[in-house]
Amino acid sequence: MPKVAVIVPGAGAGERFGGGRNKIFEKIKDQPMFIRTLEVFTGHRDVVQTIFVCSAADMAEVKERFGGHLGFMGASLVEGGATRTESVRNALGKVCDEAELIAVHDAARPCVSRVWADAVFAEAAKTGAALLALPLHGTLKRVADSGVVDETLPRADFKNLWEAQTPQVFRKDILQKAYASGKEATDDAALVEAMGHPVSVVAGDPRNIKVTTPADLAFAKAVVNTLPKPRDLGALHPFQDDLRL
Ligand code: CTP
Ligand code: MG
């Protein structure tokens with residue numbers, strides 16, 4: 001497998017979560033969500049660098065309370081920007097020469113399993129660009145601001161619709177070129193797509209939820225003990241028994 005640098009943007013404000021502080025500090029099993037997220041990558045055999053992107057507002061607290069832990073894990077800190085795109089762009093400048101692939105994974109997705117990360121790493125190693133995503137199920141309705149249904153979308157219209165997740169993983173030169181465009185997007189793949197490079201989709205899992213609201217946090221806490229571990233797939237490597245997912 002190619003060597004991977006992982007960028008973990010956590011520099012938002014968590015406004016929709018509420019509560020007056022960044023949601024990334026919320027705990028799952030006694031551990032702040034962003035630390036849990038980082039640990040999936042820092043102990044990974046293919047990962048040569050893990051960069052946590054932290055807001056200017058949270059930087060002092062993160063350094064004081066978690067600086068030692070981050071150092072021990074081998075994660076480095078970069079200051080974020082006003083948008084997710086800016087935050088990732090800041091970290092891109094710090095990616096080490098050794099990395100061949102760059103993975104971007106939201107700090108707010110603490111339930112990622114190494115099994116799913118490995119699947120998208122492997123696809124990106126083959127194609128140069130891949131992301132996890134979930135097909136949309138159910139019956140979709142467009143709802144007016146008044147709260148009344150405008151229309152039910154015909155099934156045929158969303159037959160091929162998928163919701164993007166992270167990790168999103170790219171060959172280093174492809175992602176750097178995509179970000180050099182100066183464009184803004186809500187995920188990394190959109191910038192790569194805009195260059196005309198094909199982006200492969202790997203089927204994700206609904207447990208890899210992005211924590212946006214307190215209800216999402218409740219869901220994350222409920223599923224965290226059910227996540228697949230690499231040994232469930234029969235994958236073997238020397239550190240397997242140390243893995244915490
Ligand atoms: N993020 C970031 N820099 C920003 C905005 C977002 O690094 N300027 C990160 C968030 O910390 C999060 C991920 O991007 O891990 C996905 O963003 P989102 O879920 O929207 O988080 P927030 O922007 O913090 O939440 P909200 O939009 O509700 O304020
Ligand atoms: Mg946001």
Side-chain angles (χ1 to χ4, degrees), residues 5-28 31-42 47 49-63 65-66 70 73 75-95 102-113 116-117 120 131-134 162-170 175-176 178-179 182-192 204-221 223-224:
V6 183
I7 295 173
V8 178
E15 276 170 23
R16 287 168 290 178
F17 192 89
R21 70 204 284 256
N22 192 345
K23 62 193 178 185
I24 62 160
F25 294 113
E26 294 294 328
K27 288 188 175 168
I28 295 175
Q31 215 180 17
M33 160 183 352
F34 76 100
I35 296 283
R36 170 169 291 279
T37 304
L38 287 166
E39 281 187 347
V40 172
F41 300 102
T42 53
V47 172
Q49 184 182 25
T50 307
I51 303 173
F52 176 58
V53 191
C54 179
S55 68
D58 292 336
M59 191 60 93
E61 180 177 359
V62 165
K63 279 186 177 162
R65 290 180 54 205
F66 304 102
L70 292 174
M73 291 160 72
S76 51
L77 268 174
V78 166
E79 191 171 300
T83 62
R84 186 185 182 282
T85 306
E86 254 186 59
S87 293
V88 173
R89 189 176 283 122
N90 288 355
L92 273 177
K94 308 284 183 194
V95 167
I102 300 176
V104 186
H105 180 75
D106 293 326
R109 285 189 197 270
C111 292
V112 63
S113 159
W116 307 327
V120 70
L131 78 156
L132 289 181
L134 275 184
W162 294 61
E163 181 181 341
Q165 296 185 332
T166 66
Q168 302 192 354
V169 189
F170 310 91
L175 192 64
Q176 283 174 337
Y179 269 84
K183 289 185 180 146
E184 277 283 322
T186 51
D187 74 352
D188 313 284
L191 296 175
V192 173
D205 187 291
R207 288 170 290 181
N208 182 21
I209 189 175
K210 179 164 73 68
V211 174
T212 304
T213 65
D216 298 329
L217 181 66
F219 179 88
K221 286 178 177 173
V223 301
V224 73

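In each ligand, atom 1 is the first atom listed, and ligand 1 is the first ligand listed.
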re atom 10 (C) of ligand 1, the protein heavy-atom contact at minimum distance is Gly12 N, 3.7 Å

I'd like to know if the side chain of Arg207 reaches the main chain of Cys111, judged simply by a donor and an acceptor atom lying under 3.5 Å from each other, with no hydrogens or angles considered.
no

Min over Gly14, Pro9, Gly10 of heavy-atom distance to atom 24 (O) of ligand 1 lands on Gly14

Quiz item: Looking at side-chain heavy atoms only, is the closest gap between Val104 and Arg84 below 4.5 Å?
Solution: yes

Atom 27 (O) of ligand 1 sits nearest the protein heavy atom Arg16 NH2, 2.9 Å

Among non-hydrogen protein atoms, atom 29 (O) of ligand 1 lies closest to Glu15 N, 2.7 Å

Phe34 meets the ring-ring contact (aromatic ring centres under 6.0 Å, His included) criterion, sequence neighbours left out, with Phe25, Phe52, Phe66

| query | Does the protein place any heavy atom closer than 4.0 Å to atom 17 (O) of ligand 1? | reply | no

Quick one: do Asp58 and Arg21 make a salt bridge, cutoff under 4.0 Å? no

Going by the 4.0 angstrom heavy-atom rule, the piece of Ala82 near ligand 1 is backbone

Honestly, for Lys210 the part within reach of ligand 1 (heavy atoms, under 4.0 Å) is side chain

Legend entry - Under 3.5 Å donor-acceptor, Thr37 side chain and Ala107 backbone: yes

Honestly, for Lys23 the part within reach of ligand 1 (heavy atoms, under 4.0 Å) is side chain

When you compare the side chain of Leu217 with that of Met33, does any pair of heavy atoms fall below 4.5 Å? yes

Any heavy atom of Thr83 under 4.0 Å from ligand 1? The part involved is backbone

Requested in this report: Taking Thr50 for its side chain and Ala75 for its backbone only, find out whether a donor-acceptor pair lies under 3.5 Å.
Outcome: no

Of all protein heavy atoms, the one nearest atom 7 (O) of ligand 1 is Ala11 N, 2.8 Å

Counting from 1 in the order shown, the ligand 1 atoms closer than 4.0 Å to a non-hydrogen atom of Ala13 are 24 (O)

Looking only at protein heavy atoms, what sits closest to atom 3 (N) of ligand 1 is Ser87 OG, 2.7 Å

*Within a strict 4.5 Å, meaning less than it, do heavy atoms of the Val88 and Val53 side chains meet?*
no

Checklist entry - Above 12 or not: heavy atoms from other molecules or residues under 6.0 Å from CD of Glu79? => result yes

**Asked** Do any nitrogen or oxygen atoms of Ile24 lie less than 3.5 angstrom from nitrogen or oxygen atoms of ligand 1?
**Response** no

- prompt: Can you find a pair of side-chain heavy atoms, one from Val192 and one from Leu175, that are under 4.5 Å apart?
  reply: yes

Closest to atom 13 (C) of ligand 1 among protein heavy atoms sits Asp106 OD1, 3.4 Å

Numbered in order shown, the ligand 1 atoms found under 4.0 Å of a heavy atom of Ala108 are 15 (O)

for atom 8 (N) of ligand 1, nearest protein heavy atom and its distance come out as Gly81 O, 2.9 Å

